[in-house]
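Reviewing the structure listed below.
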There are 2 protein chains.
Amino acid sequence: MSAAGGAPTPVSALAPALPLPRTAPRPEPPVRSPRATEIVEAAQRLLETEGAESLTMRRLGEVLGIRAPSLYKHLPGKPAVETALIETALWGIGDALHRVVDAAGPGDVVGRLLAEYRRFALARPNLYRLVAADPIGRADLTPGLEGWSGEPFYRATAEPYVAQALWAAAHGTVTLELSDRFLPGSDLDRTWAALARAFTAHAGD
Amino acid sequence: MSAAGGAPTPVSALAPALPLPRTAPRPEPPVRSPRATEIVEAAQRLLETEGAESLTMRRLGEVLGIRAPSLYKHLPGKPAVETALIETALWGIGDALHRVVDAAGPGDVVGRLLAEYRRFALARPNLYRLVAADPIGRADLTPGLEGWSGEPFYRATAEPYVAQALWAAAHGTVTLELSDRFLPGSDLDRTWAALARAFTAHAGD
DNA sequence: CCCCCTGGGCTAACAGTGTTAGCTACGGAT
DNA sequence: ATCCGTAGCTAACACTGTTAGCCCAGGGGG
């Protein structure tokens, strides 16, 4: 991800930019062989239905009617599978968030952005957890993808560092909600509302 | 962790509470045998100096001049080691944050709280990453520890849901900073400043 | 003094992980 | 008809956490 816009956006821009412009174009998905695509799709199904600890090369081969070592004829290894899954997640989040900002009705873009971010993650908990799991082979990710998928936060806040903070806050909140780390009995709707309020209330300062 | 105070604090309290009260007492650390304590300390050193992937039972035994299976005479397994490390981290964070709130000079408690949270995590990156790594054997944690260690956020905001949101935001930002997930070239000081501003500016609304 | 028993080490082993090497069968191109 | 790449296979390696079972030193009770 990484909010704060793509390459052409100068980081120091305190921009007015009310029409919520797009700056970075949607990056091109990488070309994969048909079989490799099948494998990645099977991996996604496996991850969502059985959880991360079931996403093993042997198990993945099994659901494909294949032995584990044969997977290496199509993909270089397990990190590649995970990277592919992370990428589909980033494309999904990016598309969903850009859509929200595109349909910018009158007020509270931030609130709707946060709601959509939350909705997406809760709908695919295991996928989001995978994205959140630290290391992420930055170098192997499609260039520009992280920036593009975080860009809606910039479009909504029009200030790069507020955008980064908002993105990080959303990420943290959703992570904790997925891990069930908030005090039991908390009304998470109100937590999200408090977060939206913090980033909305004081438009000019 | 988990902000929003301990048991006696009614969640609905929109409290005035300006003297920044403490609600939950500091929980008692669990009693461990001397040898078990040695092992946990060695694990912490190992984690910080060599990283999470080196924190293996065989390697841990090695630095203690012991074979891996012997560790099981003192601790029930690797999850127990990790839980112990997580607990020391939570105690550390809790102590540091409570100290900040105790020394409450005039303004910007939130800013100083965030700064301390960040400082702590960056000083022990691998330890913090371990805490952030999802599953956390909630049941095996010292009761009340999570609530107590997040309580300073409540003391600083005096509203449980704002506290949760602030804590989550801090967690997310520090996680992304540790994983180097922000756009390269970003001035993270400004991101943190933007976060503090969001949770400070509008005191009353 | 001897016995017993417990604490804390050991080796061997198991099941599981990602991954590599080397073999083989099929299918399309020359 | 021959070649060769594609895509499967088995065997194996090095690693993980973990269990079973053995063994030896030290201390207390008869």
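So you know, we letter chains A, B, ... as the sequences are listed, proteins then strands, and number each from 1. Owing to the predicted nature of the structure, the values given are computational and were not obtained by experimental measurement.
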key: Residue pair A:Arg59, A:Glu50: steps toward the salt bridge (Lys or Arg N to Asp or Glu O under 4.0 Å) verdict   = CA-CA 11 Å; A:Arg59 182 90 188 83; A:Glu50 302 189 19; 2.8 Å; yes
task = Report the residue (A:Pro76 or A:Glu53) whose heavy-atom-nearest nucleotide on DNA chain C is the more 5′ of the two.
result = A:Glu53
ask   = D:dG17, D:dC9, C:dG18: which one has an atom nearest the side-chain heavy atoms of A:Pro69?
value = D:dC9
remark   = Nearest-nucleotide check on DNA chain D, B:Pro79 vs A:Ile66; residue mapping nearer the 5' end is A:Ile66
Kindly say if [X] contacts the phosphate of [N], meaning a side-chain N or O under 4.0 Å from OP1 or OP2.
X: B:Ser70; N: C:dC10; value: yes
X: A:Thr56; N: C:dG16; value: no
X: A:Arg35; N: D:dG8; value: yes
X: A:His74; N: D:dG8; value: yes

ask   = So does B:Lys73 reach the base of C:dG7 with its side chain, donor to acceptor, closer than 3.5 Å?
value = no
query = What about A:Arg58, does its side chain sit under 3.5 Å from the base of C:dG16 through a donor-acceptor pair?
reply = no
task = May I ask you to say whether A:Asp108 pairs ionically with A:Arg197, meaning some side-chain N is under 4.0 Å from a carboxylate O?
result = no
message = Salt bridge check, B:Glu146 against A:Arg181: does any charged N sit closer than 4.0 Å to a carboxylate O?
response = yes
inquiry  = Tell me whether A:Tyr161 contacts the main-chain N or O of B:Asp187 through its side chain, where contact means a donor paired with an acceptor under 3.5 Å.
reply    = yes
